[in-house]
2 protein chains.
Amino acid sequence: MFNNKRLISIEGIPLYVQIRENLKKDIQEGRLAIGQKLPPEEELAQQFNVSRMTMRRALNDLVEEGLLYRKQGRGTYMSRPQIDRDHTRLTNFFESAKEKGINAAIRVLIADIVPSPLKVASALGLEEGELVIRIKTLRLANDIPVSVVDHYVPYQLFPHLLDCDLEAAHLWDFLEEFGFRVKTAVQTVYAREADSELGELLKIESGEPILFKERTVYAEDGTPIEFTYCYNRGDQYSITMKLTR
Amino acid sequence: MFNNKRLISIEGIPLYVQIRENLKKDIQEGRLAIGQKLPPEEELAQQFNVSRMTMRRALNDLVEEGLLYRKQGRGTYMSRPQIDRDHTRLTNFFESAKEKGINAAIRVLIADIVPSPLKVASALGLEEGELVIRIKTLRLANDIPVSVVDHYVPYQLFPHLLDCDLEAAHLWDFLEEFGFRVKTAVQTVYAREADSELGELLKIESGEPILFKERTVYAEDGTPIEFTYCYNRGDQYSITMKLTR
DNA sequence: GAGTGGTCTAGACCACCCG
DNA sequence: GGGTGGTCTAGACCACTCG
């Protein structure tokens with residue numbers, strides 16, 4: 001280990017990325033023991049034939065990811081492998097269903113242009129009553145209804161949104177087509193009971209638990225581009241996240 | 001703006017931190033317009049009288065925080081201010097109650113040493129049946145019961161934990177006293193119904209919605225130090241988080 | 001005091017984006 | 001082609017930790 005690691009310079013890929021991925025592979029394939037101390041940065045830099053700054057950039061990324069940790073004045077060490085990593089990533093329904101091998105489908109219940117209710121307006125940075133596009137859908141996973149989702153999108157930013165086939169792709173695909181890249185979201189999660197309408201749509205008894213989510217989605221420049229109420233069947237849905245102190 | 005920003009070198013505080021906080025203040029106090037383009041990095045570096053690498057380090061932090069964004073080949077820009085920031089931080093019950101001006105109290109229901117159930121063992125990286133400390137508590141906010149929390153902690157790591165006054169401080173304070181700094185947690189959130197026991201403890205009807213959480217807490221080096229089931233009153237509790245694509 | 005990570009410099013060249 | 005961010009170097013000194 002840690003010998004003759006000189007990289008063959010690969011076209012286009014930054015050195016720190018190559019080093020990072022190289023080390024990550026060593027870690028994930030178990031070639032480094034838990035708690036093991038790594039060589040000092042200076043030495044690693046020599047082995048990889050890069051400057052210390054570049055080496056640090058690679059190490060920083062791995063520390064960020066939680067694979068390594070540093071103790072000032074002592075050294076850099078392997079973390080214990082944790083079960084789950086990389087939560088709090090924003091993924092869309094089709095993407096995550098595909099990863100899990102689930103057959104995803106969307107049925108549009110409402111697609112309309114309406115004046116914005118107060119809460120929607122304030123989330124989207126609009127005046128109350130400014131026009132928004134409302135799209136209410138039912139989501140199915142392997143033909144089982146799992147969520148009712150109520151999207152609100154500023155009409156002024158996406159005047160042609162309703163021309164799209166909203167059952168054919170995820171809403172975000174269309175938002176991106178119109179020039180807004182989905183970047184971050186802030187969401188709040190609650191436990192609620194299903195009312196009779198939700199019960200009917202989700203094929204559960206009314207009164208059964210619902211994981212209820214309010215979410216505001218922002219583009220790269222911070223513009224709010226979507227506000228959503230999301231009602232998820234309690235027995236079919238959970239949310240996993242990673243927190244840092 | 002952007003003139004004569006030369007920093008008086010302040011004792012001990014790294015330059016990139018001073019620059020970062022300086023810019024953050026400008027942003028938060030509205031001295032920079034939304035969407036405004038910043039001067040190029042080279043120029044900023046000159047104004048602050050540092051090298052470009054140091055300037056970049058400061059800017060990187062602000063981009064990370066979502067206050068700025070970059071477009072390669074074009075420039076660095078102000079983001080729109082977003083309502084909420086800095087979620088997905090791990091906070092303890094007493095800390096967050098204090099911030100909100102809520103009077104927090106903990107009542108211990110169970111404090112015992114037991115063989116670990118399978119699920120607990122696997123979360124904590126133990127063999128099934130290895131001893132764990134189980135601490136079950138009721139949390140009150142302004143005398144209203146809000147959560148029932150069931151903690152499991154490896155006995156071997158904290159053999160003297162039960163000597164502590166567990167109602168006097170948060171469990172994490174004791175874990176840190178014994179040498180383990182709480183660093184990260186991975187949690188999964190579900191919607192459930194209250195059973196009769198929970199109903200009684202939380203003073204709600206059985207069948208009412210519960211925001212149920214399973215959480216594994218890790219120390220700095222990745223050692224799992226706590227696994228917890230957490231039952232929160234649906235009408236008193238929500239979780240807010242920020243997601244990134 | 002030796003070992004190690006944390007910060008910082010003053011350059012350099014490249015890749016990308018725009019008019 | 002000019003402006004800009006992305007990457008990289010080869011040094012340097014400081015701050016922290018440990019024996």
Side-chain angles (χ1 to χ4, degrees), chain A residues 2 5-23 35-79 179 181 183 220-221, chain B residues 2 5-23 35-79 179 181 183 220-221:
Chain A
F2 298 126
K5 276 292 193 180
R6 322 210 147 210
L7 294 178
I8 305 136
S9 162
I10 302 173
E11 20 120 347
I13 302 169
L15 287 171
Y16 74 89
V17 173
Q18 296 180 47
I19 295 172
R20 186 224 298 150
E21 296 308 314
N22 197 315
L23 284 175
Q36 180 176 346
K37 187 178 167 198
L38 271 66
E41 297 178 346
E42 188 62 58
E43 197 180 316
L44 281 172
Q46 279 171 29
Q47 284 177 20
F48 282 103
N49 203 24
V50 295
S51 72
R52 186 170 157 228
M53 284 296 266
T54 301
M55 192 65 223
R56 269 178 75 73
R57 170 98 198 242
L59 292 173
N60 281 339
D61 287 355
L62 295 172
V63 169
E64 190 80 17
E65 268 191 78
L67 294 169
L68 303 176
Y69 65 100
R70 290 199 255 237
K71 296 242 188 211
Q72 167 147 196
R74 297 181 51 187
T76 305
Y77 302 83
M78 276 282 303
S79 296
R181 270 229 343 230
K183 181 67 179 176
E220 237 180 348
D221 68 349
Chain B
F2 298 126
K5 277 291 195 181
R6 315 206 156 216
L7 294 178
I8 306 135
S9 161
I10 301 174
E11 21 122 346
I13 302 170
L15 286 171
Y16 74 89
V17 173
Q18 296 179 48
I19 295 171
R20 188 224 297 149
E21 296 307 316
N22 196 314
L23 284 175
Q36 182 176 344
K37 188 180 166 194
L38 271 66
E41 297 179 346
E42 187 63 57
E43 197 180 318
L44 281 171
Q46 279 172 29
Q47 284 176 20
F48 283 102
N49 202 24
V50 296
S51 71
R52 186 171 157 227
M53 284 297 265
T54 302
M55 192 65 224
R56 269 179 75 72
R57 172 96 197 244
L59 292 174
N60 280 340
D61 287 355
L62 296 172
V63 169
E64 192 80 18
E65 269 191 76
L67 293 169
L68 302 177
Y69 64 100
R70 289 200 255 239
K71 296 241 186 210
Q72 168 146 198
R74 296 180 53 187
T76 305
Y77 302 82
M78 277 280 304
S79 296
R181 271 229 345 231
K183 181 67 179 175
E220 239 180 347
D221 67 348

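Residue numbers start from 1 in every chain, and the chains themselves are labelled A, B, ... in the order their sequence lines are given, proteins ahead of strands. None of the values given here were measured: they were computed from a predicted structure.
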Do other residues, nucleotides or ligands put more than 12 heavy atoms under 6.0 Å from the CD atom of B:E64? no
Whole Å only: how far is the [atom1] atom of [X] from the [atom2] atom of [N]?
X: B:Q18; N: C:dT7; atom1: CD; atom2: C1'; answer: 12 Å
X: B:E42; N: D:dG6; atom1: CD; atom2: P; answer: 14 Å
X: A:L59; N: C:dT7; atom1: CG; atom2: P; answer: 14 Å

Protein and nucleotides 9-13 of chain C: nitrogen or oxygen contacts under 3.5 angstrom:
residue: C:dT9; atom: OP2; partner: B:S51; partner atom: N; Å: 2.8
residue: C:dT9; atom: OP2; partner: B:S51; partner atom: OG; Å: 2.9
residue: C:dT9; atom: OP2; partner: B:T54; partner atom: OG1; Å: 2.6
residue: C:dA12; atom: N6; partner: B:R52; partner atom: NH1; Å: 3.4

Holding to side chain to side chain donor-acceptor pair (under 3.5 Å), I want the full list of residues that pass it with [X], two or more places apart in sequence or in another chain.
X: A:T76; result: none
X: B:Y77; result: none
X: A:Y69; result: none
X: B:R20; result: B:D61

To the side chain of B:R56, which of D:dC8, C:dT7, D:dG6 is closest? D:dG6
Please write out the pairs of protein N or O atoms and N or O atoms of nucleotides 16-19 of chain C separated by less than 3.5 Å, giving the distance to one decimal.
residue: C:dC18; atom: OP1; partner: B:R74; partner atom: NH1; Å: 3.1

OP1 or OP2 of D:dT4 less than 4.0 angstrom from a side-chain nitrogen or oxygen of B:T76, does that happen here? no
Side chain of A:E42, backbone of A:R52: donor and acceptor closer than 3.5 Å?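 Looks like no, no N/O pair under 3.5 Å.
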